[in-house]
Amino acid sequence: MNSLSLRDRLLGWRDSVLSNPRFQRFAAVFPLMRPVARRRAAAMFDLVAGFVYSQILLACVQLRLFDLIAERPATVDELSVRCELPRESMQMLLDAAIALKLVQPRSEGRYGLGQLGAELCGNRGVLAMVEHHAMLYRDLADPVALLRGPRGGGELAAYWAYVRGERPAELGAEHVASYTALMAASQPMIAREVLHVFSFGAHRCLLDVGGGDGSFLSAVAAQTPELRCILFDLPAVAAKAADRFRTNGLAERATAIGGSFRTDPLPEGADIVSLVRVIHDHDDEVVAALLRAVHSALPERGTLLIAEPIAGLSRTASISDGYFAFYLRAMGTGKARTFEHLRSLLEAAGFAEIKLHLVPMPLVASVITATKTSKCVNLA
Ligand SMILES: CC(C)=CCC/C(C)=C/CC/C(C)=C/C=C/C(C)=C/C=C/C=C(C)/C=C/C=C(C)/C=C/C=C(C)/C=C/CC(C)(C)O
Ligand SMILES: C[S@@+](CC[C@H](N)C(=O)[O-])C[C@H]1O[C@@H](n2cnc3c(N)ncnc32)[C@H](O)[C@@H]1O
């Protein structure tokens, strides 16, 4: 076995100090160390108790508490009637929500939004995710079984109907409606980040592959009036996008085409293709084939834009390497990939000038762009 490096030995020494109960006690009472010790202990408590906090949040969201008190601050009696909870339970939930900064006491015994509650009210996509997490947490109830077991035996795998079954193109509206609505609700936070770092103004026609109900294309089209848009998704999803384009007055310049990128060719004619929260759903062989299909659908010097969580970035490691890694494991296929991994898949498909764009709020997506070159295509 190799001998330990100097860094390994230093870290081993640090671990033995930090895990020593006598050192912990000393740091907790020594005035110069006390603030750091308290912060670390609080961070550890948050990790230990995070599920309880999430469930308090879920109760608030399921009871529509934030909407009720955003309308007008209310007393515990009013809220217990409107939420159909015994008064004592209502008070308990309000106290917990105050502690989590979701709710804040107001004048005359009323309750209004806390800082986090107000910010949540501005993020409907996050509220939708909080409700969706009930399913994720059931799949994560036994995390070791999730790690040991075959991938995707739980509820999420059934929910994301396209990850199972050989013929996703045959899925009906009843299989895609729920996930498509969830993606539409959380799409504004993605589109905002993409549009902050990338302008579609230099392009003529955008093809959004796996484009869901057209929420992303609608946001891009609103900012880029000359752009023509094509959406490609499973037929039952593309039908929803066609409806949205009609409702948004985009039917003239946005077309929705149904098919499966696993078996059907991609529509041609676009000079830029986007893959927004698509690649990380699939394993490497499917992604490699999809990237080759995108490459052949693009003209020379055409652009590919990818937006999804990227693993291995220190600012967002807990989200991509923690949350999304376990989410996708429960879902049964795909993974959040590092930039280096994506770059090698892109290069193998014939893309060059591969850039990572750091978005302002990289919680659920970072952006990568790449350019098609015909040289050096690896046809293996
Ligand atoms: C003037 C005053 C009063 C104050 C000034 C102080 C100040 C600057 C305050 C800041 C206020 C502010 C702007 C707050 C903003 C907060 C924001 C934007 C918070 C955003 C939070 C977003 C969260 C928590 C997002 C969660 C997203 C989740 C959980 C997404 C999950 C996505 C999934 C599961 C996708 C699945 C797709 C699949 C299947 C993997 O492909
Ligand atoms: C996680 S969702 C992302 C939707 C949208 N891009 C967004 O960010 O809101 C993945 C999308 O890829 C689509 N999809 C999955 N497999 C597909 C396939 N084989 N062919 C075409 N679309 C597919 C799904 O129907 C779904 O709309």
Side-chain angles (χ1 to χ4, degrees), residues 54 57 113 115-133 135-136 152 156-157 159-171 173 175-194 208-220 231-241 256-267 274-282 286-287 289-290 293 305-309 316 319-320 322-336 360-365:
S54 301
L57 174 60
L113 292 173
Q115 283 184 17
L116 285 177
E119 285 157 20
L120 267 172
C121 277
N123 284 282
R124 306 315 288 187
V126 181
L127 294 172
M129 281 299 166
V130 169
E131 293 201 276
H132 170 67
H133 280 165
M135 189 183 288
L136 170 64
L156 278 184
Y159 179 79
W160 296 97
Y162 55 83
V163 302
R164 67 194 148 92
E166 292 298 297
R167 297 184 214 282
E170 288 170 15
L171 291 170
H175 296 115
V176 303
S178 178
Y179 79 69
T180 300
L182 179 69
M183 288 296 93
S186 58
Q187 182 45 239
M189 59 181 148
I190 311 287
R192 228 179 3 244
E193 302 302 318
V194 173
D208 190 26
V209 176
D213 81 341
S215 296
F216 177 71
L217 278 185
S218 299
V220 176
L231 180 140
F232 184 81
D233 206 302
L234 302 173
V237 182
K240 291 182 184 299
I257 299 176
S260 167
F261 55 64
R262 302 178 83 153
T263 45
D264 301 313
L266 295 179
S274 50
L275 290 167
V276 181
R277 300 193 285 187
V278 169
I279 289 187
H280 64 342
D281 285 353
H282 301 280
V286 177
V287 173
L290 174 58
L305 181 145
I306 295 171
E308 64 179 36
T316 50
I319 298 175
S320 54
Y323 175 87
F324 278 102
F326 274 67
Y327 188 101
L328 288 159
R329 168 60 74 108
M331 184 172 150
T333 64
K335 60 179 170 207
M361 194 69 83
L363 293 178
V364 281

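Both counts, for ligands and for their atoms, begin at 1 and track the order of listing.
There is no protein heavy atom less than 4.0 angstrom from atom 13 (C) of ligand 1. Taking a distance limit of 4.0 Å, we find that atom 21 (C) of ligand 1 is approached by some protein heavy atom. Protein heavy atoms all stay at least 4.0 Å away from atom 4 (C) of ligand 1. For atom 1 (C) of ligand 1, no protein heavy-atom neighbour is found at a distance under 4.0 Å. There is a protein heavy atom closer than 4.0 angstrom to atom 40 (C) of ligand 1.
Note: I319 CD1 to L363 CG = 4.5 Å, rounded to the nearest 0.5 Å. A distance of 8.5 Å separates CG in D233 from OH in Y162, rounded to the nearest 0.5 Å. Distance check, rounded to the nearest 0.5 Å: NZ of K240 to CG of L234 gives 12.5 Å. The line from CZ of R167 to OG of S260 is 11.0 Å long, rounded to the nearest 0.5 Å. Atoms CG and CE, from L156 and M135 in turn, are 6.5 Å apart once rounded to the nearest 0.5 Å. Here the CE-CZ distance, from M361 to R192, works out to 8.0 Å after rounding to the nearest 0.5 Å.
If you number the atoms of ligand 2 from 1 as listed, the ones under 4.0 Å from a heavy atom of V237 come out as 25 (O). Taking every heavy atom of H280 and a limit of under 4.0 angstrom, the matching atoms of ligand 1 come to 38 (C), 40 (C), 41 (O). Atoms of ligand 1 found under 4.0 Å from any heavy atom of M331, numbered from 1 in the order shown, are 39 (C). Per-residue contacts place V126 under 4.0 angstrom from the following atoms of ligand 1 (heavy atoms of the residue considered): 22 (C), 23 (C), 24 (C), 25 (C). The contact set between ligand 1 and L363, taken as ligand atoms under 4.0 Å from a residue heavy atom, comprises 20 (C), 21 (C), 22 (C), 23 (C). Per-residue contacts place R262 under 4.0 angstrom from the following atoms of ligand 2 (heavy atoms of the residue considered): 19 (N). Listed by number with element, the atoms of ligand 2 under 4.0 Å from a non-hydrogen atom of G212 are 27 (O). Atoms of ligand 2 lying under 4.0 Å from at least one heavy atom of G259, given by number and element, are 20 (N), 21 (C).
Among protein heavy atoms, the minimum distance from atom 5 (C) of ligand 2 is reached at G210 O, 3.4 Å. Annotation: atom 11 (C) of ligand 1 to nearest protein heavy atom, E119 OE2, 3.4 Å. At the shortest separation from atom 7 (C) of ligand 2 among protein heavy atoms lies Q187 NE2, 3.1 Å. From the protein, the heavy atom lying nearest to atom 27 (C) of ligand 1 is V364 CG1, 3.6 Å. Nearest protein heavy-atom contact of atom 32 (C) of ligand 1 is M129 CE, 3.4 Å. Given atom 18 (C) of ligand 1, the protein heavy atom at minimum distance is M361 CE, 3.8 Å. Summary of contacts: the protein heavy atom closest to atom 20 (N) of ligand 2 is F261 N, 2.9 Å. Summary of contacts: the protein heavy atom closest to atom 17 (C) of ligand 1 is N123 ND2, 4.0 Å. For atom 14 (N) of ligand 2, the closest heavy atom belonging to the protein is D233 OD1, 4.0 Å. Looking at atom 38 (C) of ligand 1, its nearest protein heavy atom turns out to be D281 OD1, 3.5 Å. Of the protein's non-hydrogen atoms, Y162 OH, 3.5 Å is the one closest to atom 10 (C) of ligand 2. Of the protein's heavy atoms, Y323 OH, 3.7 Å lies nearest to atom 29 (C) of ligand 1. In terms of protein heavy atoms, atom 1 (C) of ligand 2 is closest to R277 O, 3.2 Å. The protein non-hydrogen atom at the shortest distance from atom 19 (N) of ligand 2 is S260 OG, 3.0 Å.
Without hydrogens or angle criteria, E193 side chain to A365 main chain gives no donor-acceptor distance under 3.5 Å.
Heavy atoms of M183 found under 4.0 angstrom from ligand 1 belong exclusively to the side chain. Residue contacts with ligand 1 for E308 are absent, since no atom lies close enough (heavy atoms, distance under 4.0 Å). Under 4.0 Å from ligand 2, the heavy atoms of Y179 that appear belong solely to its side chain. Under 4.0 angstrom from ligand 2, the non-hydrogen atoms of D281 all belong to its side chain. Contact annotation for F324 and ligand 1: only side-chain heavy atoms (C-beta onward) come within less than 4.0 Å of the ligand.
Between G211 and L231, the shortest heavy-atom contact is O-CD1, 3.4 Å. Taking every heavy atom of both residues into account, P362 and P360 meet most closely at CD-O, 3.5 Å. Across all non-hydrogen atoms, the minimal contact from I279 to E308 is N-OE1, 3.2 Å. When all heavy atoms of S274 and D208 are compared, the pair lying nearest together is OG-OD1, 2.7 Å.
The shortest separation from a heavy atom of A307 to ligand 2 is not under 4.0 Å, leaving the residue out of contact. The shortest separation from a heavy atom of L234 to ligand 2 is under 4.0 Å, placing the residue in contact.
Relative ring orientation between F324 and H280 is described as tilted, the plane-to-plane angle lying within the 30° to 60° band. Taking the six-membered ring where the residue is Trp, W160 and H132 present perpendicular rings, their angle passing 60° and hence far from 30°.
Distances between N or O atoms of P168 and those of ligand 2 include no value under 3.5 Å.
Side-chain atoms of L290 and R262, non-hydrogen and from C-beta on, never get closer than 4.5 Å to each other.
In this view, Q187 and I190, A191, S215, F216, V276, R277 satisfy the side-chain contact (heavy atoms from CB on, under 4.5 Å) rule, not counting sequence neighbours.
In this comparison of M183, H282, M331, the heavy atom closest to atom 2 (S) of ligand 2 sits on M183.
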Could you walk me through whether L328 and D281 pass the side-chain contact (heavy atoms from CB on, under 4.5 Å) test, one step at a time?
CA-CA 7 Å; L328 288 159; D281 285 353; 4.0 Å; yes
What do the steps show when you test L57 against L120 for side-chain contact (heavy atoms from CB on, under 4.5 Å), and what is the final call?
CA-CA 10 Å; L57 174 60; L120 267 172; 3.6 Å; yes
Test log, rule side-chain contact (heavy atoms from CB on, under 4.5 Å), inputs L136 and Y323
CA-CA 10 Å; L136 170 64; Y323 175 87; 3.9 Å; yes
Assess the residue pair S186 and V364 against the criterion (side-chain contact (heavy atoms from CB on, under 4.5 Å)); give the C-alpha distance rounded to whole Å, side-chain angles, the decisive distance to 0.1 Å, and a yes or no.
CA-CA 10 Å; S186 58; V364 281; over 6 Å; no
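More than 12 heavy atoms of other residues, nucleotides or ligands shown are found within 6.0 angstrom of OH on Y327.
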